[in-house]
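Below is one structure; the comments refer to it alone.
What you see below is based on every heavy atom in this structure, not just the backbone, and it leaves out hydrogens, waters and symmetry mates. Letters A, B, ... are given to chains in the order of the sequence lines, protein chains preceding strands, and every chain is numbered from 1.
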Protein chains: 2
Amino acid sequence: MAAQRRRPTQVDIARRVGVSQATVSLVISGGAASEQVAEGTRRAVLRAAAELGYTVNAAARRLKGGRNRMLGLYTFEPVFPVGQRDFYFPFLLGVEEATAEYGYDLLLFSSASSGGDRRIYASGVNRLKVADGCVLLGRHLHRDDLAALVQEDFPFVFIGRREVAGAELSYVAADYVGATSGMVRELARLGHRRLAYLKLSDGQEPTQDRESGFLQGLGEAGIPAGECPVHLVGEADSITGDLLRGWLADGVTALLVEPSEDDSTIVAVERAAEAVGVRIPEDCSVVLLGDPALGENARDWTRFALHREQMGREAVRLLLDLLDDEDDGPRQLSVPCTPIAGDSVAQPPAVTGGAAR
Amino acid sequence: MAAQRRRPTQVDIARRVGVSQATVSLVISGGAASEQVAEGTRRAVLRAAAELGYTVNAAARRLKGGRNRMLGLYTFEPVFPVGQRDFYFPFLLGVEEATAEYGYDLLLFSSASSGGDRRIYASGVNRLKVADGCVLLGRHLHRDDLAALVQEDFPFVFIGRREVAGAELSYVAADYVGATSGMVRELARLGHRRLAYLKLSDGQEPTQDRESGFLQGLGEAGIPAGECPVHLVGEADSITGDLLRGWLADGVTALLVEPSEDDSTIVAVERAAEAVGVRIPEDCSVVLLGDPALGENARDWTRFALHREQMGREAVRLLLDLLDDEDDGPRQLSVPCTPIAGDSVAQPPAVTGGAAR
DNA sequence: CACCGGATCCAATACGTATTAAGGACTCAG
DNA sequence: CTGAGTCCTTAATACGTATTGGATCCGGTG
């Protein structure tokens, strides 16, 4: 009846059975080392444990073992972003699933979000280190935080290719280079000979990769890069109908658009086309260099899919590799994207003569 | 350059600064007791901590009985359920937001899911104890796990009313009683005099609460409970067109349906009605006792909304109350639901004479 | 009898932190 | 110069478990 406030420990069991705590530990831990305990003692300990309602103290066990069996998840975006939910959610899903599969727990670093601007080193202290390792995520990162993290030799994996001067780090990235060049080749196959490329101006790695892929694809298709305009999208309203019309007049027949997080570039393209009466894809083909989470009533753009959930899973796998192996080399993994044939691409309008297959 | 594999501890800091580990602990723990340490020492310790990349060991602090600023989230459902995603997600969202606001981190206990069946005491270990406290969630719980948790005197809050024999526990629950009785009163106001109630057969607390509300509403409306059939929904296919027609023949003009997790009861009702040519709401009004996440093309059922996100937030608040206050009494919070007037309720078909307002 | 080997079990210790009683140094009044 | 008082720091200990190098006992062998 008397509710014992303190929960029973191995010492309590030991006292009751009349053995030492060490023996109890041997029995409880089970497995290999438990064989050296006499069968009678063993059973007595187990019975006492059951009677007392003993459960091992996870904190103590972990303290002893050194590892926490906790993986961290830190994102430079809000952890459960409301607006962008659908973009980041699959990553989280993959990370969570893989973490669970490997028998780890997942620590979400939410506390850092106070004050809007997310930093790892809030008050000089690196919170992430409570976890054994960490998966990082998000577009708006702080380079110096990342650099410091590398310097500390803290094991982590970024989802998305990231570079830090003077240090290589581990990441799982979508193969934007391959996916973009593939898109270019496909357009070329359809007969397009002059393409315009709308890229974001933040100069992040994903943007760089798409540009590399663009140039590479042009090369493979034998299209002179000089003839293909590259437009930097600073503000969304820099995409005007006039701009579009100018390109078409110059012989451009297809647009490759890098989607921004708020999808403003896509909306802007659509609006500009409408404004000057340009039909997609009849007058101009459009390809999205990514897989934005658009609304229900959005059109079925030709684009490529990121396997986000798989990327999340791979990130965890990489991280565990990092933790287990002594050899510390950073690991990079590139996950191919899958082209999605939508309805925004067609053969170029017949001007001189359509190039059928 | 030399990557030190072992995480630095307070002892390392102490050695470097030339003070004792105790002093380091005083400084690191910060807050009240940290005042008694000289400003110079204090700064030296903090700088050394930053330089070494020190982070407190969660397990050790927890073992000692201290706080982690970590809240756990344990769910008996998958943490990021794919199918039921939309039902549980708002809870998580609320928990996460509130946790972040209070400056805590959130630890998702995913690892326990090994073997499909989620248990807290997987191998005799209560993993939850690494966190300061825990929010629990999910319909398919294990009573004995819950009982053990109470016995251990571990601070936790359940989302959803739960009972355990011989112990009171803390929870944040939707006010199903009030919401259901309100629905009954509203139906009565429209003139309905005989209602049928379809309840799930699992006998969980939420089901009990709806039934209480049903009976209470009948009482307030002056409707004899004996005249209102209560149908236990074991299998979804127990709802047949014949059953429905029988009720209508008996004078039943409205159905109160408890939604199951897979929405099968709702689908079954809709199908049965269609099968025997019963129109909703012209021939029969239907009220959902809950707020299931239906597909896009589902009809606009009359139902009530759960404020899930708010419930998640309140759960965190309650949990922090539990942690802070010495007095250990369990706290319960009931969150009102909001009726949603859909298109599945109308006045009863005029048989003897419609009771207009 | 001395020695050995196997079978059981235990004492001691480490893990990293928080807490507390007590020690040391220094100041100030008498 | 002494005693009290103030301020800062530390030694010691506890938390619950896992591990390891012995200790103890016992029967058997040379």
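For D:dT17, the OP1/OP2 oxygens have no side-chain nitrogen or oxygen of A:R62 closer than 4.0 Å. For the OP1/OP2 pair of D:dT9 and a distance below 4.0 Å, the side-chain nitrogens and oxygens of B:S20 include no atom meeting the criterion. Dashed line: the shortest gap from a side-chain N or O of B:T9 to OP1 or OP2 of C:dG16 is not under 4.0 Å.
Checked against D:dT19, C:dT19, C:dA18, the side chain of B:L26 finds its nearest nucleotide in C:dT19. Of the listed nucleotides (C:dG16, C:dA18, D:dA11), C:dG16 has the atom at the smallest distance from the side chain of B:N57. With distances taken from any side-chain atom of A:T41 to the nucleotides D:dT17, C:dC9, C:dT17, the minimum falls on C:dC9.
For the atom pair B:I13 CD1 and B:S20 OG, the distance stands at 12.0 Å (nearest 0.5 Å). B:Y54 contributes atom OH, which lies 5.5 Å from atom CD1 of B:I28 (distance to the nearest 0.5 angstrom).
B:R43 has its CZ atom 13 Å from the P atom of D:dC8, to the nearest Å. Between the CZ atom of A:R42 and the C1' atom of C:dA7 there is a distance of 16 Å, given to the nearest Å. C:dA11 atom P lies 10 Å from atom CD of A:Q21, rounded to whole Å. Rounded to an integer number of Å, the gap from A:Q10 CD to C:dC10 C1' is 14 Å. If you measure from atom NZ of A:K64 to atom P of C:dG16, you get 9 Å, rounded to the nearest angstrom. Between the CD atom of A:Q36 and the P atom of D:dT20 there is a distance of 10 Å, rounded to whole Å. Note: CD (A:E39) to C1' (C:dT8) measures 13 Å, nearest angstrom. Between the P atom of D:dG16 and the CG atom of B:L63 lies a distance of 7 Å, rounded to the nearest Å.
No engagement by B:G40 is indicated, since no non-hydrogen atom pair under 4.0 Å with the nucleic acid exists. Counting any heavy atom pair closer than 4.0 Å across all strands shown, B:V19 reaches sugar-phosphate atoms only and no base atom. Counting any heavy atom pair closer than 4.0 Å across all strands shown, B:T23 reaches a base atom.
Proximity of the aromatic rings of A:F156 and A:Y74 is defined here by a centroid distance below 6.0 angstrom, and this criterion is not met.
The salt bridge (charged side-chain N to carboxylate O under 4.0 Å, His left out) test applied to B:R162 returns B:E205, not counting sequence neighbours.
Using a distance-only test at 3.5 Å, with no hydrogens or angles considered, a donor-acceptor pair links the side chain of A:R143 to the main chain of A:E163.
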